[in-house]
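Working notes, beginning with the structure itself.
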Amino acid sequence: MFESIERIISAPINALTVKELRIQAIITIAFGIVVSLIMGYCLNILFDAPFKGCFMGFMIMHIILAVFFWFKNYLEKYFVFNSSYGIDKIYYEGRLVLLVFAFLGIALALFSIFLYENVPFRAIGVFLGLFLPIYFMFLRRDGYYNENGKLAVKNDYELAYNFKDFYLMGLCISIVVIGKCFWILEDLITFRCFSWVIIPCILIAVIIVYCAMAPDFWNRYLPFDIKKDWGFIVYLVIWAIIIYSFYFIMNIYW
């Protein structure tokens, strides 16, 4: 029995049967309960964080991952998971689906912790700041993979654009612009001085994040290749200037 469970845990997800995926989901929930109790207790002792919020946050993260395992066979009807390069590889579309579930879990976990701190709008800002970059990458997955067929990529499981670089860039941008807007919104409501100007600011912040997470679009018009290291650095500097300008304007107005 234990050998079977060990094999399920260590096996590539594409190698698991439907029954084994369901077992993986149950294992994830059981593991999540233990981890959530430990992390909730440690964070409460070390940082005086709310135990219930931390426990629920980590449990939600594991529940979301368990949902992915449980319904993976249904997701396969709409998204491709199997790579032609072996069962241990996941097709680029399937990888991004898995990452959407993973980051949704992390975002909901932090949302729960902030919610228990009685700062609901900041909780929303943290959730959107973490989740929107990966969601926008998923929406533009074909562009990230091969620029909608314009590139002759070497395989079907890697992206033409470096995932880590662009997600971290998007995360920083998203946290700064969206987080700033919801931090301000929380203060406006707390001190009862609400201004409708914050609503279009939030919409602009979301648009900025989406535009930043569309390198395949900008690569058509910019005089350098964003996929190369030096091109990515220039692209990063351009968005840093845009974000700084947005942040500076927000600080002046509020």
Side-chain angles (χ1 to χ4, degrees), residues 1-43 54-112 127 130-146 151-168 170-171:
M1 178 182 175
F2 290 106
E3 290 180 358
S4 177
I5 292 175
E6 184 180 356
R7 190 193 70 79
I8 291 172
I9 294 173
S10 60
I13 60 171
N14 285 337
L16 299 177
T17 64
V18 174
K19 182 179 179 180
E20 289 172 335
L21 283 168
R22 301 285 169 84
I23 295 173
Q24 178 74 285
I26 295 170
I27 293 171
T28 302
I29 293 293
F31 182 73
I33 293 172
V34 176
V35 171
S36 300
L37 286 170
I38 294 172
M39 293 302 297
Y41 179 77
C42 290
L43 291 173
C54 294
F55 175 80
M56 286 302 299
F58 281 97
M59 267 311 301
I60 289 171
M61 185 166 59
H62 286 85
I63 289 171
I64 294 294
L65 194 57
V67 167
F68 169 79
F69 289 128
W70 193 274
F71 292 103
K72 179 180 176 288
N73 60 315
Y74 295 105
L75 292 170
E76 287 177 334
K77 297 178 181 179
Y78 305 98
F79 307 106
V80 180
F81 283 85
N82 294 320
S83 168
S84 59
Y85 285 79
I87 202 164
D88 60 327
K89 304 293 184 183
I90 304 177
Y91 192 68
Y92 77 93
E93 187 176 52
R95 285 180 63 197
L96 286 174
V97 172
L98 175 57
L99 287 168
V100 165
F101 273 85
F103 282 99
L104 176 61
I106 295 170
L108 285 173
L110 289 174
F111 172 82
S112 175
F127 170 79
L130 282 170
F131 182 66
L132 283 182
I134 188 63
Y135 179 66
F136 290 151
M137 289 185 79
F138 173 74
L139 291 181
R140 302 193 66 86
R141 55 191 179 277
D142 291 334
Y144 272 88
Y145 172 58
N146 66 355
L151 293 177
V153 290
K154 296 179 180 179
N155 54 59
D156 61 9
Y157 57 87
E158 291 181 326
L159 301 175
Y161 291 85
N162 186 288
F163 169 79
K164 292 180 182 178
D165 289 346
F166 281 92
Y167 177 76
L168 288 175
L171 178 64

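In what follows, every heavy atom counts, from backbone to side chain, and hydrogens, waters and symmetry copies are set aside.
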Quiz item: What class does the angle between the rings of F68 and F81 fall in, given that below 30° is parallel, 30 to 60° is tilted and above 60° is perpendicular?
Solution: tilted
Quiz item: Quick one: CD1 on I63 to CZ on F58, what's the gap to the nearest 0.5 Å?
Solution: 13.5 Å
Quiz item: What distance do D165 atom CG and L159 atom CG have between them, rounded to the nearest 0.5 Å?
Solution: 11.5 Å
Quiz item: Is a donor on one side and an acceptor on the other found under 3.5 Å between the side chain of N14 and the backbone of K89?
Solution: yes
Practice problem: Using a 4.5 Å cut-off on heavy atoms from C-beta on, say whether the side chain of H62 contacts that of V34. | Solution: no
Quiz item: Would F79 and F138 count as a close aromatic pair, with their ring centres under 6.0 Å?
Solution: yes
Quiz item: Parallel, tilted or perpendicular for Y74 and F71, by the 30°/60° rule?
Solution: tilted
Exercise. Compare all side-chain heavy atoms of I134 with those of F163 and state whether any distance is below 4.5 angstrom.
Key: yes
Quiz item: How close do A66 and A25 get, heavy atom to heavy atom, and via which atoms?
Solution: O-CB, 3.4 Å
Quiz item: Hey, does L171 have a side-chain heavy atom less than 4.5 Å from the side chain of F103?
Solution: no
Quiz item: How many angstroms lie between atom OH of Y144 and atom CG of L139, to the nearest 0.5 angstrom?
Solution: 10.5 Å
Practice problem: List the atom of F101, the atom of L75, and the distance in Å for their closest heavy-atom pair. | Solution: CE1-CD1, 3.9 Å
Practice problem: For the pair S112 (side chain) and L108 (backbone), establish whether a donor and an acceptor sit closer than 3.5 Å, ignoring hydrogens and angles. | Solution: no
Quiz item: Do any N or O atoms from the side chain of R95 and from the backbone of Y92 form a donor-acceptor pair under 3.5 angstrom?
Solution: no
Quiz item: Taking all non-hydrogen atoms of both residues, which atom of I9 and which atom of Q24 are closest, and how far apart?
Solution: CA-NE2, 3.9 Å
Quiz item: Is there side-chain contact between W70 and V67, with heavy atoms separated by less than 4.5 Å?
Solution: no
Quiz item: At their closest point, which heavy atom of F55 faces which heavy atom of I33, and how far apart are they?
Solution: CE1-O, 4.1 Å
Practice problem: Check whether any side-chain heavy atom of L130 lies under 4.5 Å from a side-chain heavy atom of Y135, and answer yes or no. | Solution: no
Practice problem: Sequence neighbours left out, what passes side chain to side chain contact (heavy atoms under 4.5 Å, CB included) with S84? Give chain and number order. | Solution: D156
Practice problem: Measure across A11 and L16 and return the closest heavy-atom pair with its distance rounded to 0.1 Å. | Solution: CB-CD2, 3.8 Å
Quiz item: Does F131 reach the side chain of V100, with side-chain heavy atoms less than 4.5 Å apart?
Solution: yes
Exercise. Anything under 30° is parallel, anything over 60° is perpendicular, the rest tilted; go ahead and classify Y157 against Y85.
Key: perpendicular
Self-check item: Within 6.0 Å of CZ in F166, more than 12 heavy atoms from elsewhere
Solution: yes
Exercise. Any chance you could measure R140, atom CZ, to L96, atom CG, to the nearest 0.5 Å?
Key: 13.0 Å
Exercise. Could you tell me the separation between the CE atom of M59 and the CD1 atom of I64, rounded to the nearest 0.5 Å?
Key: 11.0 Å
Self-check item: Closest heavy-atom pair and its distance - F69, L21
Solution: O-CB, 3.4 Å
Quiz item: If you round to the nearest 0.5 Å, how far is OG1 of T28 from CE of M61?
Solution: 11.5 Å
Exercise. Quick one: do L65 and F31 satisfy side chain to side chain contact (heavy atoms under 4.5 Å, CB included)? Show the steps, please.
Key: CA-CA 11 Å; L65 194 57; F31 182 73; over 6 Å; no
